[in-house]
Amino acid sequence: MPRSRRSSRVSALEGGREEEAAAVPPAPLTSAQQTEAAAEQTVLRGIFEIGRGSCDVVLSERALRWRPIQPERPTGDSKYDMLCKEEFIELKDIFSVKLKRRCSVKQQRSGTLLGITLFICLKKEQNKLKNSTLDLINLSEDHCDIWFRQFKKILEGFSNRPKSLKILLNPQSHKKEAIQIYDEKVEPLLKLAGIKTDVTITEYEGHAVSLLKECELQGFDGVVCVGGDGSASEVAHALLLRAQKNAGMDTDGILTPVRAQLPLGLIPAGSTNVLAHSLHGISHVVTATLHIIMGHIQLVDVCTFSTTNKLLRFGFSAMFGFGGRTLALAEKYRWMSPNRRKDFAVMKTLAKLKPEDCEISFLPFNSSEDVQERRAQGSPKSDCNDQWQMIQGQFLNVSIMAIPCLCSVAPRGLAPNTRLNNGSMALIIARNTSRPEFIKHLKRYASVKNQFNFPFVETYTVAEVIVHPRNNSSRYNPEEEPRETASENSFPWNVDGDLMEVTSEVHVRLHPRLISLYGRSIEDTNDSKVTCNCL
Ligand SMILES: Nc1ncnc2c1ncn2[C@@H]1O[C@H](COP(=O)(O)OP(=O)(O)OP(=O)(O)O)[C@@H](O)[C@H]1O
C-alpha cells in the first residue's frame with residue numbers, strides 16, 4: 001500500500017494562501033532548503049479516482065500525493081481531517097507506467113481508456129520487496145496523456161536503471177526449476193519495466209565462463225544469473241576474468257585486479273543461495289528481480305584464490321576440511337535430490353570425521369588508511385612480513401569468508417561479523433575436537449547462541465590467508481569408497497558451493513569492493529526459523 005501521512009502543509013492544496021497570511025518577510029533559503037522546495041514544487045495537478053473516491057492529485061519532482069475530495073465541513077472537525085489524510089508515494093519507487101484500458105476478449109488492443117496504472121516497488125518486512133500497482137482513474141484521453149507522458153519522462157530520468165540485460169540461466173540448478181522461475185516470476189517483471197533481455201541457457205559446467213570470455217557485452221547494462229551459488233560464483237568469476245583481460249592484466253600473479261565492468265544480478269534458484277541471501281538479506285526471487293529493475297547497486301568484496309602464482313578463481317567464500325570434504329562427497333551423489341544429497345554427505349563426513357594437518361598463515365586486517373592504501377597498490381607479502389601470523393596443527397574445518405554467508409541453516413550467517421564490503425574476511429578455525437563437541441558447534445549456527453564460543457574455535461578478521469596442508473592424510477585413499485575427490489593428491493575446497501581441488505597451498509586475498517552486485521544494504525533480521533534436517 002502507498003504510504004500515508006497527516007499533511008503538515010494543507011495549504012499546498014490551497015494555492016499559496018499561507019504566504020499571503022505571513023506578516024514577516026521569509027528569511028532567505030539555504031541551498032538545501034531550496035533543493036527541498038524545488039522537489040516539492042508542483043509539476044502537475046489534477047483529479048483522479050483512487051481507490052473508491054475522487055482525489056486531488058499533485059505530482060512534484062519527488063512524490064505523488066493525493067487527498068480525497070470531500071464536501072466542505074465546519075472547521076475544527078477532527079474526524080473530517082482524518083478522512084482527508086494525504087497519501088503519497090515517492091517517485092523513485094515507481095518502476096513502470098501503463099495506460100489502463102478496458103479490453104474485452106474480442107477487443108485485443110485499444111479498449112476504452114480508464115486511466116493510468118503505476119507499478120511500484122514496495123519495501124516489506126525482513127528486507128523483502130514486493131511489486132504493487134496504483135490505479136489513477138480518469139476517462140479523459142487528453143488528461144491521461146499529459147500525466148502518462150510526464151511519468152514516462154520521470155522514469156527515463158532514472159539513468160542508473162538497466163535497459164538491457166544479459167541473462168545466464170542454469171537449467172540444472174536445485175530441482176531444475178530455474179527456467180520456470182525465470183518464466184513465471186522474473187521475465188514478466190523485467191518486461192513490465194521495459195528491460196530488454198538476451199537469455200542463454202547454460203549447457204554444461206564452465207559454459208558461463210567460456211561464454212563471457214568472448215560474447216559481445218557492449219549493449220548490456222548488466223548481467224543476471226538465474227541459478228544457485230555455483231552458477232552465481234562462476235558468472236562473477238567470469239566477469240572479473242574478462243575485466244582483467246580487457247585491462248591487459250596477467251591474471252596469474254594478480255595483486256590488484258580491476259573492477260568488473262558490468263553489475264551482476266543474482267536470482268536465487270539453487271539449493272542454498274548463500275550469495276543471493278547475503279546480498280538481499282533474504283532468498284526471494286521477486287526481491288532480487290526488483291533490486292535489478294530499480295538499479296540498486298552495491299559494491300561487494302571479492303577474494304582471489306591462487307596457488308603458487310597461479311590464479312585458481314575469484315570467489316566470495318571458502319571452506320577447507322569438513323566443508324570441502326562434505327561437498328566432495330555430495331558431488332558423488334548427484335543422482336540424489338539436492339537436500340538428501342547434502343544431508344547424507346554431512347552425516348557421512350561426520351561419521352568419518354578427521355582433521356587436516358596444516359599450517360595457516362594470515363595477515364590480520366588493519367583498518368589504518370596507509371596500510372589499506374599499500375594493500376590497494378598491491379604491496380607484496382614481504383612488505384608487511386612483520387604482521388603475518390602463523391598457526392599450525394590439526395583442524396577440523398577452516399572457513400574463509402568475505403561475505404556473511406546467510407542461509408536457511410545459518411540465518412545470522414556462517415560469518416555473522418563480516419559485511420559485504422567491509423574490506424576484510426572472517427577466518428574461522430575449528431581445531432581438532434571430539435565429534436559431539438564439533439556437532440554442538442555446527443548446531444549453534446542454527447540457533448541464537450554464539451557458535452564461536454567453544455575452546456576449539458578461533459576467529460580472526462583478516463586481509464589474506466595462506467592454507468598449507470602438511471601431509472597426505474586427507475588425500476585420496478583407494479581403500480575408501482566412494483572416492484571423495486576426483487583426482488589423487490588433491491584437497492577438496494568448497495568455494496561458494498563449487499568443488500575446487502588443489503594439490504598444494506592456497507593463498508586467499510581480499511579485494512575490497514571489486515564487483516557491483518544488484519542489491520541494497522540489508523537490515524539485520526532476527527529470524528530464528530531454521531531448517532536443518534541433518535543434525
Ligand atoms: N546445463 C548444465 N548442466 C550441468 N551443470 C551445469 C549446467 N549449467 C551450469 N552448470 C553448473 O552447475 C553447477 C551448480 O549449479 P548451481 O549452483 O546453479 O545449482 P545448485 O548446486 O543446485 O545450487 P547451490 O549451489 O545454491 O546449492 C554450477 O557450478 C554450474 O557451473
Side-chain angles (χ1 to χ4, degrees), residues 166-182 186 199-213 215 223-242 264-280 282-285 288 305 312-319 323-346 349 399 401 403-411 413-414 485-486 492-501 517 531-534:
K166 174 77 199 166
I167 315 271
L168 295 163
L169 192 156
N170 178 358
Q172 298 297 326
S173 296
H174 193 223
K175 294 181 187 162
K176 307 188 179 181
E177 68 272 52
I179 293 180
Q180 193 187 355
I181 287 175
Y182 181 75
V186 182
V199 182
T200 300
I201 296 177
T202 55
E203 289 164 19
Y204 52 88
E205 188 172 342
H207 190 181
V209 175
S210 46
L211 196 100
L212 287 173
K213 214 183 259 177
C215 79
V223 175
V224 172
C225 171
V226 188
D229 289 323
S231 301
S233 177
E234 186 180 321
V235 175
H237 168 70
L239 283 175
L240 284 162
L241 268 188
R242 185 177 174 131
L264 169 63
L266 305 180
I267 305 287
S271 40
T272 47
N273 306 311
V274 166
L275 296 178
H277 199 148
S278 301
L279 182 64
H280 307 126
I282 187 169
S283 178
H284 185 243
V285 171
F305 297 88
L312 297 168
R313 61 178 290 165
F314 291 93
F316 300 90
S317 70
M319 283 187 273
R325 284 161 179 271
T326 304
L327 179 67
L329 193 58
E331 288 300 309
K332 295 279 156 204
Y333 292 89
R334 272 263 158 205
W335 51 269
M336 282 189 190
S337 72
N339 293 343
R340 271 194 63 209
R341 179 173 76 230
K342 283 177 185 169
D343 290 352
F344 174 77
V346 168
T349 313
S399 299
M401 295 174 166
I403 62 168
C405 293
L406 306 182
C407 54
S408 59
V409 291
L414 299 173
T485 58
W493 282 73
N494 176 340
V495 177
D496 299 332
D498 259 359
L499 185 61
M500 180 176 87
E501 296 183 301
L517 299 182
T531 47
C532 175
N533 308 320
C534 54

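Count residues from 1 along the sequence. One-based numbering, in listed order, for ligands and for the atoms of each. Everything numeric in this text was worked out from a predicted model, so none of it was measured.
Near ligand 1, residues Asn170, Pro171, Gln172, Ser173, His174, Thr202, Glu203, Tyr204, Glu205, Gly206, Gly227, Gly228, Asp229, Gly230, Ser231, Glu234, Gly270, Ser271, Thr272, Asn273, Arg334, Lys342, Asp498 each place a heavy atom inside the 4.0 Å sphere around the ligand atoms.
Under the 3.5 Å distance criterion, with hydrogens and angles disregarded, a donor-acceptor pair is assigned to the side chains of Lys166 and Thr200. Of the N and O atoms on the side chains of Arg313 and Ser233, at least one donor lies less than 3.5 Å from an acceptor on the other residue.
Taking the six-membered ring where the residue is Trp, Phe314 and His237 present tilted rings, their angle falling between 30° and 60°.
Between Phe316 and Val274, every side-chain heavy-atom pair lies at or beyond the 4.5 Å cut-off. Counting heavy atoms from C-beta outward, Asp496 and Leu275 have side chains that approach closer than 4.5 Å.
The side chain to side chain donor-acceptor pair (under 3.5 Å) search around His207 returns none, not counting sequence neighbours.
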